[in-house]
2 protein chains.
Amino acid sequence: MKRKITLKQIARELDVSISTVSKALSGSKEISEDTTQKIQAFAKLYNYRPNNIALSLKNRKTKTIGILIPEIVHHFFSTVIRGIELVANKRGYNVIVGLSNESFTKEIINMEMLANGSIDGFILSISKETLLKQDYHHFNATINQGMPIVMFDRVVNEIKCDKVIVDDYKGSIKAVNMLIEKGSKNIALITTMDYVSVGKLRTQGYLEALEASKIVPDSNLILKIDDSLVDEDLEDLENEIEQFFKSNNKIDGVFAVNELYAVTAMKVARKLGLSIPDDIQVIGFTDGVLSKHATPSLTTVSQHGQKIGEQSADLLIDRLELEEDESLDYTDENERNENFKTIIIETEIIERESTK
Amino acid sequence: MKRKITLKQIARELDVSISTVSKALSGSKEISEDTTQKIQAFAKLYNYRPNNIALSLKNRKTKTIGILIPEIVHHFFSTVIRGIELVANKRGYNVIVGLSNESFTKEIINMEMLANGSIDGFILSISKETLLKQDYHHFNATINQGMPIVMFDRVVNEIKCDKVIVDDYKGSIKAVNMLIEKGSKNIALITTMDYVSVGKLRTQGYLEALEASKIVPDSNLILKIDDSLVDEDLEDLENEIEQFFKSNNKIDGVFAVNELYAVTAMKVARKLGLSIPDDIQVIGFTDGVLSKHATPSLTTVSQHGQKIGEQSADLLIDRLELEEDESLDYTDENERNENFKTIIIETEIIERESTK
DNA sequence: TTGTACGCGTTATCAC
DNA sequence: GTGATAACGCGTACAA
């Protein structure tokens with residue numbers, strides 16, 4: 001078992017100085033061709049690779065991005081990670097992953113763990129508990145320490161950082177408009193509680209779309225599900241939706257803010273003897289495996305998770321490599337605040353069998 | 001914007017030496033209570049945290065685990081990551097993720113990128129291309145450098161490392177036995193190509209189970225799908241399965257080695273006018289979202305991905321922290337080879353609506 | 001052409 | 001009780 005070899009060992013072995021080795025390996029022409037050859041051959045033989053940690057310490061940057069998300073067993077988030085990893089790798093960065101598990105405390109612990117030199121910047125999506133508490137001091141603290149953050153999907157405006165969001169609002173309008181065009185008259189909305197920003201925006205889009213078509217929204221047609229209660233409890237969810245359908249039997253269209261609600265709605269509809277899409281059409285938000293493989297397959301508003309990840313990574317790395325140059329001088333402290341971008345990823349409707 | 005503060009800065013500010021600060025902060029009683037107080041107060045005020053990179057360099061360990069998996073947008077793998085992250089975090093480790101995307105080359109690149117000091121050890125699952133090529137030199141090279149590896153799910157025996165595997169063989173037997181007990185006479189198998197080790201084992205289990213019940217396996221009842229071709233191409237998959245069903249119309253039970261095949265089989269069966277589970281029963285391997293939310297919901301063999309992750313992480317960290325002690329002396333080089341464990345995670349059948 | 005010295009941030013050892 | 005020094009592995013400005 002030969003442990004990793006270091007410059008020092010090569011130097012000792014070949015009886016030259018450490019810096020000679022270093023220079024020879026980086027191909028500096030300060031060093032004679034002879035010694036360069038010799039050193040490079042030796043290094044290759046022993047498979048020398050510079051130690052990342054030493055480089056990180058020296059360069060004061062780790063070439064590593066920290067991802068902090070609420071949950072990983074989730075199609076959307078894993079798609080985003082895939083996107084981040086893709087461009088990060090292409091641009092020479094590694095990716096370190098932390099999970100908040102929707103908990104405020106775990107979010108903070110994870111951030112502190114990573115912010116102490118392990119990474120150059122964060123890409124994150126805020127946990128539900130944090131959104132509920134509206135306590136964002138840890139984000140601001142991190143930013144104030146000079147560590148850039150890119151937020152995606154679940155963001156809050158008040159934080160000064162780059163953001164990548166889905167056009168939840170417009171996506172919902174598109175979805176509801178499609179239901180209207182295809183003949184639905186009484187369109188129900190199945191959504192989450194308001195504190196999840198995306199839930200709120202999607203609800204707004206639903207309302208706007210109805211009004212634009214001169215349809216008066218009916219609050220009885222809106223079902224708000226407290227997913228902190230339901231979550232994994234599938235039966236509760238089914239029952240809740242079943243009650244909802246039974247007390248509103250004129251419903252002929254459903255817009256659900258995620259695919260689970262949409263698929264469950266389809267299941268309940270079928271149970272009640274309704275045929276999809278003839279009696280009732282369904283569209284979900286968030287395109288994942290469920291939508292694709294459900295029967296009938298589900299028409300959805302796709303969020304392009306991978307693209308969100310790619311854009312987030314590019315945004316972060318751009319900023320990191322920009323700072324590299326400016327680094328030292330900042331005449332105007334506020335100048336940097338003006339530059340934060342918010343990229344909006346357009347949604348796209350993927351038509352499948354649950355709509356006419 | 002106050003950048004992260006260092007020992008040196010505190011020392012300068014308080015007009016003491018760096019080592020005094022270091023000692024005071026670590027609560028050493030070499031330092032007078034007075035100065036300790038003063039220094040700790042100052043450190044807290046400026047939110048001092050030791051720099052991880054510097055610590056890593058000094059201690060020659062990063063407290064970081066490298067995960068290398070073929071694909072992240074995949075319920076099983078993300079479940080495993082969740083498990084790893086859970087115990088890693090609990091035991092004070094971070095987790096860095098690399099994706100091979102089933103490619104041999106990307107697997108190697110990723111390993112080299114991480115093996116140069118960024119991590120203390122690997123937890124990985126081998127890419128399909130690597131399994132096909134049967135070229136494992138990069139794993140051996142890494143191990144020989146003194147970096148421990150834990151392999152999970154897709155493993156190969158010849159590599160000297162800890163392993164965590166699913167009891168694919170026994171799980172399949174259980175599944176097929178259940179189909180037999182519940183009355184299926186002609187049980188089909190939908191599987192992958194043989195080079196994926198888990199596919200092979202599951203096929204073996206299927207055959208053994210049949211034979212144990214004195215049923216002669218019929219090769220016409222086995223469908224091997226080349227998923228390097230199919231992959232995302234859902235229609236191809238459906239067509240292939242449909243042809244299979246049509247040319248074997250006596251099939252009244254299906255065991256599929258993953259949930260996608262199982263769900264697709266159900267879809268095709270329904271299309272052909274078969275009712276589930278009355279005309280045909282279906283069981284899948286790998287319990288994921290699809291199984292749970294399919295209609296009818298799918299009976300599956302659960303792999304307990306999270307548990308696999310937890311065990312893998314414990315195994316790796318145990319070894320890392322063990323080495324810490326022994327580190328220096330190894331009288332017998334081979335001794336360490338004897339110690340590698342293979343943990344087998346028992347599968348469990350989750351009964352749902354696709355079986356009687 | 002090669003080598004010396006320094007610094008990145010930390011801790012541990014040893015001297016004062 | 002406090003401080004100077006070395007070491008972890010590397011790159012580079014500067015000296016020889």
Tyr136(B) atom OH, over 12 foreign heavy atoms within 6.0 Å: yes

Atom pair distance, as rounded to whole Å: CD1 in Ile53(A) and C1' in dC8(D): 11 Å

Asp15(A) CG to dG3(C) P, straight-line distance once rounded to whole Å: 8 Å

Touch class at under 4.0 angstrom, heavy-atom based, for Thr35(A) against every strand present: sugar-phosphate

Lys63(A)/Asp120(A) under salt bridge (Lys or Arg N to Asp or Glu O under 4.0 Å): CA gap, chis, key distance, verdict: CA-CA 6 Å; Lys63(A) 290 273 184 180; Asp120(A) 295 339; over 6 Å; no

Distance, rounded to the nearest Å, where Arg12(A) contributes CZ and dG9(D) contributes C1': 13 Å

Separation of Ile149(A) CD1 from Leu68(A) CG (nearest 0.5 Å): 9.0 Å

Side-chain H-bond candidate by donor/acceptor type, Thr130(B) with Glu107(B), under 3.5 Å: yes

Summary of protein contacts for nucleotides 9-16 of chain C, nucleotide by nucleotide, where a base hit scores B, a sugar-phosphate-only hit scores S (4.0 Å, heavy atoms): BBBBBB--

Contact under 4.0 Å: Thr20(B) side-chain N or O vs dG3(D) OP1/OP2: yes

Criterion salt bridge (Lys or Arg N to Asp or Glu O under 4.0 Å) on Glu85(B) and Lys90(B), from CA distance to verdict: CA-CA 8 Å; Glu85(B) 212 265 349; Lys90(B) 199 184 302 169; over 6 Å; no

Phosphate contact (dT1(C) OP1 or OP2) by Ser32(A) side-chain N/O below 4.0 Å: no

Ile31(B) CD1 to dA4(D) P, straight-line distance once rounded to whole Å: 13 Å

Lys106(A), NZ atom: more than 12 neighbouring heavy atoms under 6.0 Å: yes

